[in-house]
Undergrad: 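Okay, handing you the structure first.
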Amino acid sequence: MKTSGKVLIAIGIIIIIIGYFTTRNLNTVSAVDSHSWTININGINSIQWVMYTGFIIFMVGVCFIIGTLEQRHQRVN
């Protein structure tokens, strides 16, 4: 499980980097609101799904690593 966790972490980081360079930037000036970021009503295109998927894969890998850590056996007196 440790090697699969490391592989998932590496794949997640690669997907995040690819998503960073391929997805469009949603920070545009909105003419209606007073803030500088936009509310996109394009549905599924309003979220950077590639980066989100990469982060989920990264976190699953971290959970695999944490779940397979060796625990010291201690007796409680």
Undergrad: Are Met59 and Ile16 in one and the same hydrophobic cluster, where Ile, Leu, Val, Met, Phe, Trp and Tyr link if side-chain heavy atoms are under 4.5 Å apart?
TA: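 Result: yes, single cluster for both.
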Undergrad: Test question: given the 4.5 Å side-chain rule for I, L, V, M, F, W and Y, name all other residues clustered with Ile18, or answer none.
TA: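 Same cluster as Ile18: Ile14.
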Undergrad: If two hydrophobic side chains count as joined below 4.5 Å and joins carry through other members, does Ile15 share a cluster with Val60?
TA: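 Same cluster.
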Undergrad: To check you understand the geometry: which heavy-atom pair defines the closest contact between Ile11 and Ile57, and what is its length?
TA: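 That would be CG2-CG2, 4.3 Å.
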Undergrad: My understanding is that only residues two or more places apart in sequence, or in another chain, count here; which of them pass side chain to side chain contact (heavy atoms under 4.5 Å, CB included) with Ile9?
TA: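 By the side chain to side chain contact (heavy atoms under 4.5 Å, CB included) rule, Ile9 matches Ile13, Phe58, Val62, Ile65.
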Undergrad: Holding to side chain to side chain contact (heavy atoms under 4.5 Å, CB included), I want the full list of residues that pass it with Tyr20, two or more places apart in sequence or in another chain.
TA: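 So Tyr20 forms a side chain to side chain contact (heavy atoms under 4.5 Å, CB included) with Met51.
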Undergrad: Rounded to the nearest 0.5 Å, what separates atom OG1 in Thr22 from atom CD1 in Ile17?
TA: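 So the OG1 of Thr22 and the CD1 of Ile17 are separated by 11.5 Å.
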Undergrad: Treat each ILVMFWY residue as a node, draw an edge where side-chain heavy atoms are under 4.5 Å apart, and state whether Phe21 and Phe55 are in one component.
TA: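 Yes, it is one cluster - the side chains of Phe21 and Phe55 are joined through contacts under 4.5 Å.
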Undergrad: I'd like to check the side chain to side chain contact (heavy atoms under 4.5 Å, CB included) partners of Ser4; sequence neighbours left out, ordered by chain and number.
TA: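 Only Met1, Phe64 meet the side chain to side chain contact (heavy atoms under 4.5 Å, CB included) criterion with Ser4.
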